[in-house]
Amino acid sequence: MWEAGRKKMIKTVKTVNFKDKRVIMRVDFNVPMKDGVVQDDTRIRAAIPTIKYILAEGAKTLTLMSHLGDPAKDAEKAKEKAVKDGKSFDLDKYIKGKHRMAPVAAHLQKKLGKTVSVVFAGEDSCYGKKAFIDKQKPGTVIMLENTRFHKEETAKAAPDRDKLAKALAEYGDIFVNDAFGTAHRDHASTASIAKFVPVSVAGFLMEKEIKYLEPIVSSPVKPLVAIIGGAKVSSKIAVLESLLKNSSALVIGGGMAYTFLKAQGKKIGKSLVEDDQIGTAKSILEAAKKAGVEIVLPLDHIGAEKFDAAAKPVKIAAVDIPANLLGMDVGPKTVAKYKEVISKAKTIVWNGPVGVFEFDAFAKGTEEIAKLVAAATAKGVITVVGGGDSVAAVNKYGLASKMSHVSTGGGASLELLEGRKLPGIEVTRGRDYFIAGNWKMHMTRKEAADLAKALVKSLKSGKHKYLAAPSFTSIETVGEILKESNILLGAQNCAAEEKGAHTGEVSVTQLKDLGVQVIILGHSERRHSYSESDDLINKKVKLALMHGFEVILCIGETLDERNKGKVEAVCKRQTERGLAGVTVEELSAVTIAYEPVWAIGTGKTATPADAQAVHKFVRGVIEKLYGSQAAKQMVIQYGGSVNAGNAVQLMAMEDIDGALVGGASLKADTFTPIAKFS
Ligand code: 13P
């Protein structure tokens, strides 16, 4: 099913050919180290499927890069502590034991076995390793030193990051990002590098993380139950607000629950509380009430007199906590409530423990949650666990393999659940071919219905993104047929005003009501036969985007303009003015269709080379307006007498990402071969 929306698809390693290519791959080998020995290799093991795949596909070299702690910051802290404890501090020894990548490379060698050779590129630098990499035998894995030894890796200023990114980009023809744990960082090796390599794709780990985490925010299988724990309200506000949108119940546990209880006027004794967050807690409770989301707070507790592993656990049978105690875990009544709520879920997301589970006497609530979520998984519920502490908890109880997905990212998984865009993921979003049929003023409802039915059948196995845009009168009929198919429903125009006295116009609200997902705007027939100006088109574009539609913005020159050498000037003006005031976020819902007016319906197609030249130019215009990342991801369709005979050659051009088809879209047997070109 093709979802209309603002997100372009993630490109994965499966979409590129690695044969004889040099690959530079970001992994997250930020593993706990002690005296140069890897303490937990979960993250190393998690990257192995992608490493093996790339090698099996015949890559020439595979160069891995990662950070490992933060040498400068960590050393400073360790030194301060040594001074405080009156101990001596040996910086070299400290760095060697904690931050050098050589032992990690050796560990990876062990995990990959003898058939693969892993070499360490040297601890001197990540710069200047091209010759070293190029002289390796085909199929060698090269491990670079910890990227964070270079301050450019995390530099605030983009030009500083670019310096390192450019050097790293020299080591690969293809960039693979499989470092989900670092995907929320806009660093040289996680994001900036994508500007300097031709192709950027996601590895299998990244793909799996996104597959489970992203739908929780965008389109979860409902009912969704969210369990959010942890000490501080302040660090979880954004995720609570984001999860309110799709959850039927929100379980709030852990230290932050007491702030919520206090906000409700309950007694919380000496429990952890953030008094400055009481207002926030109140407004979240209020928002939940409005949205009809059940909030589940502790009903009883296990308390203690002080925060200590050895403290004596005290049962508190009611919600109010006596003045001499602090809450450390939830009690049995609360666990029973958890059981009831969890039993209704089809999707569960869990981030953060509900008690002080690192102290055995106060771990019961968290352990019960882990067991309940594991049991739900066995019944077919989608269960996703994210965040360092809840992951530690499921590992502690040996239940990790019983969950649908346990995230390898703490901060990254939280930010995804907050609905934020992660730089390391965004760079792997690619362009997909988008083939659209513009049915113009053709067909009765019956004829349109027949065509839609035929397309649903013939495009079912199609791999690209599809759109059918019938005339207004057939939208409802066609929409019914396209529901649940992989073909989006389009309209060919909309009014520039939201509502009112506009005889003969159709509003965005009315189109939304019909289930329309995409609106074609600025078609040359509207520009030239109905005198639509750049400003009017721009007004429609902004209105449609504001109402959550995707937009296809048509541009293109007339024959006269072409003969006068004005192709670029016209396309530039129509693009710039059409997109005036559109933000870079909104831009991901925009497709541009280059339709030279002289080619529309005339049987004259632009040659693939001529069309490519204009597409490339338009991409350059987008780059100037929105930057290189947005330009790389902009889908630019070609339109004008596209047919089964010329589609393949056109689509083979680097900057042509699909087609907007008129005449040939009116019959299934002429549109299908274009739509299913390969
Ligand atoms: P033709 O494919 O009939 O030339 O029409 C192109 C077009 O205008 C699509 O919007």
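Remember, it's 1-based here, ligands and their atoms both numbered in the order they're listed.
- Residues R527 and E561 are not paired through a salt bridge, judged by the lack of any N-O separation under 4.0 Å between the basic side chain and the carboxylate.
- Residue G640 approaches ligand 1 through these ligand atoms, each under 4.0 Å from one of its heavy atoms: 4 (O), 6 (C).
- Residue contacts with ligand 1: A664 is excluded, as none of its non-hydrogen atoms falls under 4.0 Å.
- One finds no salt bridge joining K421 and E585 here, because no Lys/Arg side-chain nitrogen approaches an Asp/Glu carboxylate oxygen to under 4.0 Å.
- For a threshold of 3.5 Å applied to N or O pairs, the pair formed by L660 and ligand 1 contains no separation below that value.
- If you number the atoms of ligand 1 from 1 as listed, the ones under 4.0 Å from a heavy atom of S641 come out as 1 (P), 2 (O), 4 (O).
- Ion pair K539/D535 not flagged as a salt bridge, since none of the NZ, NE, NH1 or NH2 atoms sits closer than 4.0 Å to an Asp/Glu carboxylate oxygen.
- Residue-to-ligand polar distances keep G639 apart from ligand 1: every N/O pair is separated by 3.5 Å or more.
- One finds no salt bridge joining D20 and K60 here, because no Lys/Arg side-chain nitrogen approaches an Asp/Glu carboxylate oxygen to under 4.0 Å.
- Classification of the Y212-H405 ring pair by plane angle, with boundaries at 30° and 60°, yields parallel.
- Annotation: cation-pi geometry not satisfied between K572 and F617 (NZ/CZ under 6.0 angstrom from ring centroid, within 45° of ring axis).
- Annotation for ligand 1: atoms under 4.0 Å from non-hydrogen atoms of G601 are 1 (P), 3 (O), 4 (O).
- Each of the following atoms of ligand 1 lies closer than 4.0 Å to a heavy atom of H523: 7 (C), 8 (O), 9 (C), 10 (O).
- In this structure, atom 3 (O) of ligand 1 lies nearest to the protein heavy atom G663 N, 2.7 Å.
- Between E207 and K14, none of the side-chain N atoms (NZ, or NE/NH1/NH2) sits under 4.0 Å from a carboxylate O, so this pair counts as no salt bridge.
- In terms of protein heavy-atom proximity, atom 9 (C) of ligand 1 is nearest to E595 OE2, 2.9 Å.
- The N/O atoms of T602, backbone and side chain alike, include none that comes under 3.5 Å of an N/O atom in ligand 1.
- Polar contact check, N438 against ligand 1: a nitrogen or oxygen pair lies under 3.5 Å apart.
- For K465 and D432, the salt-bridge test fails: no basic side-chain N is under 4.0 Å from an acidic carboxylate O.
- In terms of protein heavy atoms, atom 2 (O) of ligand 1 is closest to G662 N, 2.8 Å.
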